[in-house]
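These figures come from a predicted structure and were not determined experimentally. Just so it is clear: chains get the letters A, B, ... in the order the sequence lines come, proteins before strands, and each one is counted from 1.
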Amino acid sequence: MATATHDPNKNYINEKSGIWSWLTTLDHKRIGILYMISVMSFFAIGGTFAMLLRWELFSAGRNIMDAHQYNQVFTFHGAIMVFMVIIPGIPAFLGNFILPLQIGAKDVAFPRVNLMSWYCLMIGAAIAFFSLFYNGVDTGWTFYTPYSISTQNGTLLMVVGAFIIGFSSILTGLNFIVTVHKLRAPGMSFWRLPLFIWALYSTALLQILATPVLAITLLLLTAERVLGIGIFDPKLGGDPVLFQHFFWFYSHPAVYIMILPAMGVVSELIATFSHKTIFGYKAIALSSVGIAAVSFFVWGHHLFVSGQSEVAGILFSFITMLVGVPTAIKVFNWVATLYRGSMRFDSPLLFALGFIFLFTIGGVTGIILAVIGVDVHFHDTYFVVAHFHYVMVGGTLMAIMGGIYYWFPKMFGRMVNEFWARISFVLIFVGFNVTFFPQFILGAMGMPRRYYDYLPEYQSLNRISSVGAWTIGTGFLVGLFVIIHGMRKGVKAGPNPWGGKTLEWQTASPPPHENFHVQPVVTAGPYEYR
Amino acid sequence: MSTVKTATSGHHHHAHHYESAEHEYVTSKFGTWVFLVTEIVMFGGLFVGYILFHEKFHEMFHAGSTFLNWRLGALNTVVLLFSSLTMALSIYYAQLGKKSLVLLNLYVTLACGFIFLTVKYFEYTHKFHEGLFPGALFSYDGPEAHQFSNLGMYFSFYFVMTGLHGSHVIAGMGLITWLIVRAHRGEFGPEYYTPLECTGLFWHLVDLIWIYLFPLLYLIG
Amino acid sequence: MLSSASTSSRFMPPQATEVAQNVDTLYGFLLVISLISCVLVIGGLIYFAVKYRRHTENDKTPYISHNATLEFLWSFIPFLLFMASFVWGWIVYHQLRTAPTDALEVMVRGQKWNWTFAYKNGRTSASEMFVPVGQNVRLIMGSSDVIHSFYIPAFRTKQDVVPGRYTSLWFNAEKEGDYQVFCAEYCGDQHSGMQAKIHVVSREKFEDWLGNDPYKDLPLVEVGRKVYTSRCVACHTLTDQKAVGPGWKGVFGRKEKLEGGSDITVDENYVRESILDPNAKVVLGFPRGVMPTFAGQLSEQEISGAIEFIKSLK
């Protein structure tokens, strides 16, 4: 029901007012902003927990909390960051806002489902946080049985919370798959889709095919705690390691739910800020799908020392190596795109380059961990902690920050303060390496993860790591300031401040309620810088 | 700008972001299929667990299955199959614009759901009465319980699988009730029967899952 | 980088087995390959970024969509490297997992939060084990409660210890010394305190230790002290400070309030019951279900010793 005349001053933000109009909105852009607010709040909480962890680990022995509190803090840090920040971070927040714009649609296929998925996240998160009033949770975010069956009451709430948040993820994935299939603008063939869309599409496949397994796993865990069904309990003939198989069958693809959209963001940033068509478009697009497909068959590398058979271990090691190939392809293609480009070092590009830098280190250490003979030593040590932070924080969070700064003018019609945005990048990038590089060495030295206390020889590296963590914290505070300042006082932005070629730059900033005043028709690929 | 469907007598305005009612129909149907895939994957996890433990405790599972009344299971299978037929018929009559037959078939489908749940209720209470509870709660004291140390695990699978399936039956009945209300208002007709179609797909899946559960739990053992 | 791998250094634990050397050689290879890849990718990134920075807003960029040869090479070369690493890793893993048949077998039990060891002749020990140098040793491990993981950094090996089944691990320590054991699978409050020492000693010393009654000629209170340092230290202090469990100083003879509201005096019988059936009577303010039972794990002599030791802490 398009209106006949377009008021140029009307956009999705000022079209309606009042908090209720936001809480009941069906507009994908407004839902994207709701996600932005929730994810940033959860990130602040999870980040605060991280700061406390590093404070406690600053010296051996007790610093600010006892072992029991420490175990709860790392559990909440992990669960919040995984389930409430990194998984919804790019798809549900940036994806919700950008996906319909980039494919020239007016909205996602099922706007009500889209809103419902945000409420699932909020309700699930509320239940998970409520566990803090029930003795908290100290299982780690992985809920390994039988520990998670025998420990305190709060665990049940956290598990139910994660279950509901899982539905948020499933519904978002479902919506995106249908939207990409059915709502593309005329002329927008699959080979003209922006790479961010390819990444979101691959992610959505993982969300709908893996997350239901998490749902059933958590349901069984709930039944185990409430009814004692015994499937994971050795006392009743069950198998505690089966839980790990179930859990990682979801959670390993979930790792790619976290990183694939980040790769998509980086592809967009690299193309736009080097003003050059992306190198190897099809290779990047298909490698996203390839990574998604292979990721279903590598979960066993989380069980290399769990007691699974030698043959299984070797097989999983082999398949894990195969994931390395499409991942390497992406990295090489990004670097090749820079060749003879015309690069402008705005903050989004800095984050994209930072992503490639850190992700490369995270990637090669991932290969080291996939080599099964070496992993036996590194398994469950700080080497693993460092590796996945390089990929998840150095990868995904860098991409989220880059993505926010990139699409900020589209979202709010204003520019961020470029100087302070760059400061935030430098603090996060430097702080990140100072925090996590020493943890590789700690892991090689044999320091196991999830340790409240450690041997004296690990102290100096832990201290460096803690100082780095506080630097990252400062960097994100600066980033928060940049975002809030930009929303209120930023310089007004035109429709296409960066010279982007994808469809979201063809409409006003901020876009009107239905995204485009005139239905766009696509006649060329997404990165035609000629 | 509203997406509220202001529909009268089979004449349906599609939501603003679709090109046409047809576009909305194919999209909704595609979305439903994707949703069914997630359901299958979720139940798939349970089936994998069942297969693994069935392999490990073959005889215990067989002993467990003898506690189930296969006649009641077969009755429920027939009831659900019949309800799938009436569900399909309601869509057929909607395409023909026969409102009263749409309603009749929906009511029969709903009634079948009630029969299914009633039978399940009697099966459950009978097991509770005998102490055939899942896992740790298992308190049956017959000879089989002494022959196998973990007979409760069979009932863990029985209750979790049929319980999850039963909750889907209840959800489906909720959807059918909602369809009946809308059908009374005359919202469905040859041009618009998307909710009937999508609910129908869901109902068939619930039916299909039962068709796997019945032999796995009642017959094979 | 290689030098750090082939000899023990500050960046790696000591190499006490032949397998550890093999692991480190492979790790060294992987580090070199990783370093080269990082230099290529990150170096190329920085070089291009600097060289092709924007000069004017109207810079023209060439339209390069793909290059089949290049793409093949940078898919295939990494693939070959990955496969080489995989096969090498497989070989090392096979060594790590294949125990020689002539190994000395020791039963290991993990329980929140300590390790106990049982030798074939009935000798048991807690939180420390002795093995002869140059001897193949196979550990057959089980857990009494949750999953633990037996990790010896100096031997570059670890294995999860799972309730309800046995898992195993082997090593052959080539150098005498004391080697650290960690629990590497998160198991609750005192996870980081769940440590042990492996003492690799000469064969004579080992035989001596194996045949030795650890409590021979010791007064009961000293037996208790030994029990304390190997089994109780993770959760109980020797002061009156509460840790996971109550501090032991002055606890004997004290009147305590129980969970149900009744009172109890800490006497010999209550201590004994708390050791064997910890959840029977829990003092108010302490979590239920945290302390594991030591029934069947401590001898009568050890229980009496522990009681005597607690009595002595006034």
Need one label for C/Gln95: side chain, backbone, both or neither, based on atoms under 4.5 Å from any heavy atom in chain A.
neither
Side chain, backbone, both or neither: which part of C/Asp145 has an atom under 4.5 Å from a heavy atom of chain A?
backbone
Atom group of C/Thr157 that falls short of 4.5 Å from chain A, counting heavy atoms:
both
Heavy-atom neighbours of C/Tyr63 OH exceed 12 at 6.0 Å
yes
Is it the backbone or the side chain of C/Ile64 that comes under 4.5 Å from a heavy atom of chain A, or both, or neither?
both
I need the residue from A/Ile329, A/Ile314, A/Thr145 with the largest number of non-hydrogen atom pairs under 4.5 Å to chain C.
A/Ile314
Turns out that what part of A/Val331 lies under 4.5 Å from chain C's heavy atoms comes down to side chain
Closest contact, heavy atoms only, A/Gly324 versus A/Ile367
CA-CD1, 4.3 Å
Name the region of C/Leu45, side chain, backbone, both or neither, that has any atom closer than 4.5 Å to a heavy atom of chain A.
both
Which atoms of C/Gln159 are under 4.5 Å from chain A, going by heavy atoms: the side chain, the backbone, both sets, or neither?
both
With only heavy atoms counted, which part of C/Lys51 is less than 4.5 Å from chain A, the side chain, the backbone, both or neither?
neither
Residue C/Pro62 versus chain A: region with a heavy atom under 4.5 Å
both
A/Tyr281 versus C/His66: any side-chain heavy-atom pair under 4.5 Å?
no
Which portion of C/Tyr151 sits near chain A, non-hydrogen atoms under 4.5 angstrom
side chain
When the aromatic ring centroids of A/Phe357 and A/Phe429 are compared, is their separation below 6.0 Å?
yes
Answer with side chain, backbone, both or neither: which region of A/Thr139 has an atom nearer than 4.5 Å to a non-hydrogen atom of chain C?
backbone
Ring centroid separation for C/Phe82 and C/Phe86, is it under 6.0 angstrom?
no
Side chain, backbone, both or neither of A/Ile368 within contact of chain C (heavy atoms, under 4.5 Å):
both
Which bit of C/Val41 is near chain A, if near means a heavy-atom gap under 4.5 Å: side chain, backbone, both or neither?
both
What part of A/Leu455 lies closer than 4.5 angstrom to a heavy atom of chain C: side chain, backbone, both or neither?
side chain
Residue pair A/Val371, A/Met321: steps toward the side chain to side chain contact (heavy atoms under 4.5 Å, CB included) verdict:
CA-CA 8 Å; A/Val371 175; A/Met321 289 294 173; 3.4 Å; yes
